[in-house]
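See structure below.
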Protein chains: 2
Amino acid sequence: MRRDVFQAIADPTRRAIIALIALQAMTPNALAEHFDTSRQAVSKHIKILTECELVRQEQSGREIYYHFNPTKMKEIDQWLEKFRALWEDRFSQLDNVLLNLKNK
Amino acid sequence: MRRDVFQAIADPTRRAIIALIALQAMTPNALAEHFDTSRQAVSKHIKILTECELVRQEQSGREIYYHFNPTKMKEIDQWLEKFRALWEDRFSQLDNVLLNLKNK
DNA sequence: TATTTGCGCAACCAATTAGTTGCATTTATA
DNA sequence: TATAAATGCAACTAATTGGTTGCGCAAATA
């Protein structure tokens, strides 16, 4: 089973879960209240997020608080890094590239 | 059919395609030579990348050159932006947060 | 102690995905 | 002009995905 951050953030519900727990650690039940799906469906998403280490769990009695693990997000940032230059320099280099294409 | 950048970059083959054409525009046949799959499979990936505007095409006779569109990658960068502070400040703010959790 | 609550796990299901093969179309070439 | 090459499209298939329901277990509560 492939389980990497890119596959994990592909699902909009999982991105929403990340956004929620980034503000505050939450239990599966608390999270499920924010969505139209069942708690089990949310738990499945959490499982995927946990397996790729975007989320950590903290047991507290019978409740489990899920925390966001920002460190893992750096992997995405590092991948983007390779391309960042291409859009940040677009007003100098890239515009010339586009002009060249147009004039072909 | 959901077609957004996050779903597009979820597939490792598509990320590899992006990495290749970011360096140089390529035709489907040229791209397919870099992978173990058929040209049609690669074309399907290109179609998905085109639909979410990560890739632009430039017809040249019977060949089609696929170009990388870095602008669209900014959407991912903007989404990451919300969380960037969480890992960049982790040696100041976040460590305190973690200490608080431990002492609960 | 009996009951409720919070949770994970397993089985199942429909939709989607990533791949295949076969075919039609257009452009280049012999 | 006949043939080869480059590509897209359609049909089909196996695997994966996101969801459901039902269950069991441990912790909180009446």
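In what follows, chains carry the letters A, B, and so on, assigned in the order in which the sequence lines appear, proteins first and then strands, with residues in each chain numbered from 1. What's counted below: heavy atoms across the whole structure, side chains too, no hydrogens, waters or symmetry copies.
For residues 38-50 of chain B, the set of pairs meeting the salt bridge (Lys or Arg N to Asp or Glu O under 4.0 Å) definition, not counting sequence neighbours, comprises B:K47-B:E51.
A salt bridge does not link A:K72 to A:D4: none of the charged nitrogens lies less than 4.0 Å from a carboxylate oxygen.
Rounded to an integer number of Å, the gap from B:N29 CG to C:dT26 P is 19 Å. If you take CZ of B:R3 and C1' of C:dA18, they are 11 Å apart, rounded to a whole angstrom. A:F6 has its CZ atom 15 Å from the P atom of C:dA18, to the nearest Å. In this structure, the CD atom of B:E51 is 11 Å from the P atom of C:dT17, given to the nearest Å. B:R14 has its CZ atom 12 Å from the C1' atom of C:dT16, to the nearest Å.
A:K47 comes within 4.0 angstrom of sugar-phosphate atoms only, judged by non-hydrogen atoms across all strands, and of no base. At a threshold of 4.0 angstrom between heavy atoms, the contacts of A:Y66 are confined to the sugar-phosphate backbone, with no base atom among them. Using a 4.0 Å heavy-atom cutoff across all strands shown, B:Y65 reaches no nucleic acid atom at all.
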**OP:** Report, as a single string ordered 5' to 3', how protein heavy atoms within less than 4.0 Å touch nucleotides 22-29 of chain D: B base, S sugar-phosphate only, - not at all.
**Re:** B----BS-
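A donor-acceptor contact under 3.5 angstrom links the side chains of A:H67 and A:E58, judged on distance only.
For A:A41, taking side-chain heavy atoms from C-beta onward, the closest of the listed nucleotides D:dT20, D:dT17, D:dT7 is D:dT20.
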